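All chains are named by letter (A, B, ...) in the order of the sequence lines, taking the proteins before the strands, and each is independently numbered beginning at 1. Owing to the predicted nature of the structure, the values given are computational and were not obtained by experimental measurement. Scope of the values below: all heavy atoms of this structure, side chains included, with no hydrogens, waters or symmetry mates.
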There are 2 protein chains.
Amino acid sequence: MHKLDKIDLKILKILQLEGRITKAALAERVGLSPSPCWDRLKKLEKAGLIGGYHANINLKKLASNVTVFVSAELADHTAASFRAFENAVQKYDEIIACWALGGGFDYLLQIVTVDINAYQKLIDEMLDARIGLSRYYTYIVTKPVKANQTLPLELLLGK
Amino acid sequence: MHKLDKIDLKILKILQLEGRITKAALAERVGLSPSPCWDRLKKLEKAGLIGGYHANINLKKLASNVTVFVSAELADHTAASFRAFENAVQKYDEIIACWALGGGFDYLLQIVTVDINAYQKLIDEMLDARIGLSRYYTYIVTKPVKANQTLPLELLLGK
DNA sequence: CTTGAAACAAAAGAGAA
DNA sequence: TTCTCTTTTGTTTCAAG
């Protein structure tokens, strides 16, 4: 973990929201001249605190699509079967996120496909591929209510 | 919806992964000279296909934290109570995402806090605030298995 | 952290394929 | 239209203090 002062934190906060801001503008926003701001940013990037920069695609305007969450349970709870499932998950582009869970279910998957048929086809394919998937529940997203691009950095850092 | 040719699609794909790529480099990658590429990008942005650019903060390296998914059911299923809940959700910074679901549960929430105590405190606060939350289940994330920054654009556009 | 300078990128226009 | 080329302005990067 890295020591962050208020200005570093502000840099991160701004970049979360405006990933393509110019370094000159960023410097102004945090109250520094370009050089020291640039030094800080480079340090933050080198420390691995910034994972990367990404454009957010507005899928709604681009193509018909459906987002589905799937809570999944594996047949076997061996280390090998967890590994096999996790490897398999990487291979499907439609699975845009996956989390291992403590408690009732083993995994939560977030899947994006063109429609429900494509989703069902994907699930059938996964079942056929014998990646260890046993019980699962499907939750279809009817509306995105909130999609923050920003983590609550102050809350987490206690400032 | 917008008509995209192969090059537009390629621009979007690259920007999903490299949000801070220079326009000259982007042009080269898609096989255009800077100006036409810049024109296309401007059109894509104006059409609202690019929601924004964001830095990805590597939270693991920054502070202790826990991610929790919560499936939530409301007491009342009136339009007014949905609205009230959705408004309330916007106010909590710890709730980084929320989706309305069809089927068993009403909402799925993604929450990030420093630890489980902070999570429980937040839930208690939400229950006290009488925002309509009735039954809920907590799924603690033990491991992020996959976190694609990229949507499967080709799959969705059928190319 | 400041200054300053060289290298580079962004933005916009004129005009050719 | 869609691209190439050129120019101006602004940004990035990095010394040196």
Side-chain angles (χ1 to χ4, degrees), chain A residues 1-59 61-63 149-151 153-154 157-159, chain B residues 1-58 61-63 149-151 153-154 156-159:
Chain A
M1 279 186 211
H2 201 253
K3 256 189 220 161
L4 295 184
D5 67 7
K6 258 189 180 167
I7 294 179
D8 291 320
L9 183 57
K10 212 166 168 188
I11 290 173
L12 293 177
K13 275 180 62 184
I14 291 171
L15 288 173
Q16 277 198 114
L17 290 167
E18 297 166 61
R20 254 192 110 100
I21 191 173
T22 66
K23 280 156 184 143
L26 178 63
E28 203 190 351
R29 290 270 292 274
V30 302
L32 291 175
S33 47
S35 296
C37 183
W38 187 77
D39 287 346
R40 280 162 180 269
L41 180 52
K42 240 175 63 174
K43 269 181 208 158
L44 294 172
E45 286 176 342
K46 268 198 189 139
L49 294 182
I50 297 177
Y53 298 90
H54 305 280
N56 236 254
I57 306 301
N58 197 340
L59 197 47
K61 293 207 178 168
L62 196 63
Q149 298 305 331
T150 74
L151 295 163
L153 297 183
E154 291 99 332
L157 292 166
K159 306 214 168 156
Chain B
M1 278 186 211
H2 202 251
K3 257 190 220 160
L4 294 186
D5 67 8
K6 258 189 181 167
I7 294 179
D8 290 320
L9 182 57
K10 213 166 166 188
I11 290 173
L12 292 178
K13 275 179 60 184
I14 291 170
L15 287 174
Q16 276 197 115
L17 289 168
E18 299 167 59
R20 258 192 107 100
I21 191 173
T22 67
K23 281 161 182 133
L26 178 63
E28 202 190 351
R29 290 268 293 275
V30 302
L32 290 176
S33 47
S35 295
C37 183
W38 189 75
D39 287 347
R40 280 163 180 268
L41 180 51
K42 242 174 57 174
K43 270 182 206 158
L44 294 172
E45 286 176 344
K46 269 198 188 137
L49 294 182
I50 297 176
Y53 298 90
H54 305 281
N56 238 256
I57 305 302
N58 197 340
K61 291 207 181 168
L62 195 64
Q149 297 305 331
T150 75
L151 294 163
L153 297 182
E154 291 99 333
L156 293 170
L157 292 165
K159 307 215 164 154

key: Expected output: side-chain A:Asn56 to main-chain B:Gly52 donor-acceptor under 3.5 Å   =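 No, the answer is negative, given that no donor and acceptor are paired below the 3.5 Å cut-off.
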
task = Look at the side chain of B:Arg20 and the backbone N and O of A:Gly19, then say whether any donor-acceptor pair between them is shorter than 3.5 Å.
result = yes

Base-contact (B) and sugar-phosphate-only (S) positions in nucleotides 11-17 of chain D, heavy-atom cut-off under 4.0 Å, - elsewhere = SSSB---

task = Check side chain to side chain donor-acceptor pair (under 3.5 Å) between A:Lys13 and all other residues, then give those that pass, not counting sequence neighbours.
result =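 A:Lys13 satisfies side chain to side chain donor-acceptor pair (under 3.5 Å) with A:Glu154 only.
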
Hey, what are the protein-to-nucleotides 8-10 of chain D N/O distances that come in under 3.5 Å?
none

N/O donor-acceptor pairs under 3.5 Å from side chains in residues 25-37 of chain A, not counting sequence neighbours:
residue: A:Arg29; atom: NH1; partner: A:Glu18; partner atom: OE1; Å: 3.3
residue: A:Arg29; atom: NH1; partner: A:Glu18; partner atom: OE2; Å: 3.2
residue: A:Arg29; atom: NH2; partner: A:Glu18; partner atom: OE2; Å: 2.9

When rounded to the nearest 0.5 angstrom, what distance separates [atom1] in [X] from [atom2] in [Y]?
X: A:His54; Y: B:Gln149; atom1: NE2; atom2: CD; result: 4.0 Å
X: B:Leu62; Y: A:Leu49; atom1: CG; atom2: CG; result: 5.5 Å
X: A:Gln16; Y: A:Leu12; atom1: CD; atom2: CG; result: 7.5 Å
X: B:Thr150; Y: B:Ile14; atom1: OG1; atom2: CD1; result: 13.0 Å

inquiry  = Give me each pair satisfying salt bridge (Lys or Arg N to Asp or Glu O under 4.0 Å) with a member in residues 30-39 of chain B, each pair once, sequence neighbours excluded.
reply    = none

ask   = Just the endpoints, please: which first and last nucleotides of DNA chain C, 5' to 3', lie under 4.0 Å from a heavy atom of chain B?
value = C:dA9 to C:dG13

key: Option among A:Lys43, A:Arg40, A:Lys42 that satisfies the salt bridge (Lys or Arg N to Asp or Glu O under 4.0 Å) test with A:Asp8   = A:Arg40

